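Single-structure report; data block below.
Heavy-atom basis, side chains included; hydrogens, waters and symmetry copies ignored. Quick caveat: nothing in here was measured; it's all calculated off a predicted structure.
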Amino acid sequence: MSGHSKWSTIKRKKGAADAKRSQMFAKLLRAVEVAAREGGPNVDGNMTLAAAVEKARDNSVPWDNIERAIKRAAGEGDGGARFEDVMYEGYGPAGVAFLVHALTDNRNRTGQEVRHAFTRGGGNMADPGSVAWQFTRKGMIVLEKTTSPDEDRLLEVLMEAGADDLRDAGEQWEIVTEPEDLAATRKALQDSGVQIDSADLTMIPQNDVPVDGDKAGAVLRLYEALEDLDDTQAVYANFDIPEEILAQVG
């Protein structure tokens, strides 16, 4: 299990602070709106929109808000800013590769904010394409082992659903799918009575960079700074930090 996955799990268990909840809702609804505008408002025919809607619902975003975001994308209801999808690339302490997925209505502003975060965090922006090749777009479903069926039964369901891989992540199972198979795999699990902790489209690093205790704090501070930017949707990185150090920092 990659350090990035471990860190995401630790943060999810801690839960979002109330002060950040409205910011999280705004980001999730922005993702829904952009996905609907770019791929159409039909959830069944738009894989990216389906994933964005499910992620919003998993995080308790009210359905009325989700519907309004889809309607805005279709030209109904109130207008609002038009956002575009941008991926920023860079390197952090210890040579860790970072991808920052943003939805922005002002590329110059967002680019400056991301660059500033990298600089303050001891990293630097990279040229487009110089980092992205190290990551692969996949679907990722996380299950808590305590509420999951045994491994043999789980494998049986996943083989029928067409999932790529089942990974042992300590207290969780990580299920990896092709992006277009995420919705079908999620539905197969739910139809089998499996409780899902999270399901999302993600970027998985091809190789991890080991980071020791001296650099771990700096890497995670940069990760948090990038994630806290208003226009950031997700941050992906290829650090591998020992779980005990992650727990201490978390």
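- Between Tyr223 and Phe239, the ring planes lie perpendicular to each other; the angle is over 60°, past the 30° to 60° tilted range.
- Side-chain contact check for Tyr88 versus Val235: every heavy-atom pair is 4.5 Å or farther apart.
- Taking both residues in full, the closest heavy atoms of Ala97 and Asn238 are given as N-OD1, 2.8 Å, listed atom of the first, atom of the second, then distance.
- Under the 4.5 Å side-chain heavy-atom criterion for ILVMFWY residues, no single connected hydrophobic cluster contains both Met47 and Met87.
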CA sep, side-chain torsions, deciding dist, call: Arg107, Glu84, side-chain contact (heavy atoms from CB on, under 4.5 Å): CA-CA 8 Å; Arg107 275 178 175 260; Glu84 57 180 320; 3.0 Å; yes
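- For Lys215, the NZ atom is loosely surrounded, since the number of other residues' heavy atoms within 6.0 Å does not exceed 12.
- Other members of the cluster containing Ile175 are Ile141, Leu143, Leu154, Leu155, Val157, Leu158, Leu166, Trp173, Leu182, Leu189, Val194, Ile196, Leu201, with ILVMFWY side chains joined at under 4.5 Å, either directly or via other members.
- Considering CG of Asp230 and CG of Leu103, their distance stands at 12.5 Å, rounded to 0.5 Å.
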Val176 vs Met140, side-chain contact (heavy atoms from CB on, under 4.5 Å): CA-CA, chis, key distance, verdict: CA-CA 5 Å; Val176 181; Met140 174 73 75; 4.1 Å; yes
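- Closest of all the heavy-atom pairs between Ala31 and Gln233 is CB-OE1, 3.2 Å.
- How far CD of Glu171 is from NZ of Lys145: 9.0 Å, rounded to the nearest 0.5 Å.
- Under a 3.5 Å cut-off, the side chain of Glu89 and the backbone N or O of Val131 do form a donor-acceptor pair.
- The OG1 atom of Thr48 lies 10.5 Å from the CD atom of Glu180; values are rounded to the nearest 0.5 Å.
- Salt-bridge check for Arg153 with Glu156: passed, with a basic side-chain N closer than 4.0 Å to an acidic carboxylate O.
- Under the 3.5 Å distance criterion, the side-chain polar atoms of Ser192 are matched with a main-chain donor or acceptor of Ala188.
- A salt bridge links Asp231 to Arg109: at least one charged side-chain nitrogen sits closer than 4.0 Å to a carboxylate oxygen.
- Note that NZ of Lys187 is 11.5 Å distant from CD of Glu54, once rounded to the nearest 0.5 Å.
- Rounded to the nearest 0.5 angstrom, Asn207 CG and Asp240 CG are separated by 11.0 Å.
- Counting all heavy atoms, side chain and backbone alike, Thr177 lies closest to Ala163 at CG2-CB, 4.2 Å.
- A distance-only check finds no donor-acceptor pair linking the side chain of Asp58 to the backbone of Ser198 [under 3.5 Å].
- Val43 is connected to Trp63 through a chain of hydrophobic side-chain contacts under 4.5 Å among Ile, Leu, Val, Met, Phe, Trp and Tyr, so both are in one cluster.
- More than 12 heavy-atom neighbours from other residues, nucleotides or ligands sit within 6.0 angstrom of CD on Glu38.
- A salt bridge is defined here as a Lys NZ or Arg NE, NH1 or NH2 lying under 4.0 Å from an Asp or Glu carboxylate O, and Lys71 with Glu67 fails to meet this definition.
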Kindly determine whether Val114 and Leu229 satisfy side-chain contact (heavy atoms from CB on, under 4.5 Å), including the steps that lead there. CA-CA 8 Å; Val114 171; Leu229 296 176; 3.8 Å; yes
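- Of all heavy-atom pairs between Tyr91 and Phe118, the closest is O-CD2, 3.8 Å.
- The side-chain heavy atoms of Asp85 and His101, taken from C-beta on, include a pair separated by under 4.5 Å.
- Side-chain N or O atoms of Asn46 include none that pairs as donor or acceptor with a backbone N or O of Asn42 at under 3.5 Å.
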Under 3.5 Å, sequence neighbours excluded: what are the donor-acceptor pairs made by side chains of residues 123-130?
residue : atom : partner : partner atom : Å
Ser130  : OG   : Asp127  : N            : 3.4
Ser130  : OG   : Asp127  : O            : 2.6

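- Nearest heavy-atom pair, Ser60 versus Phe25, reported as atom, atom and distance to 0.1 Å: O-CZ, 3.4 Å.
- The heavy-atom pair separating Gly92 from Leu222 by the smallest distance is CA-CD2, 3.7 Å.
- Using modelled atom types, one side-chain atom of Gln206 and one backbone atom of Trp133 make a donor-acceptor pair closer than 3.5 Å.
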Can Ile70 and Val53 be said to form a side-chain contact (heavy atoms from CB on, under 4.5 Å), step by step? CA-CA 10 Å; Ile70 295 174; Val53 168; 4.3 Å; yes
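- Lys55 is not listed as a side-chain neighbour of Val61, based on a closest heavy-atom distance of 4.5 Å or more.
- When side chains are defined from C-beta on, Leu29 counts as touching Ile66, because their heavy atoms get closer than 4.5 Å.
- With Lys138 as the fixed residue, the side-chain hydrogen bond (donor to acceptor under 3.5 Å, both in side chains) test singles out one of Asp165, Thr202, Asp164, Asp200: Asp164.
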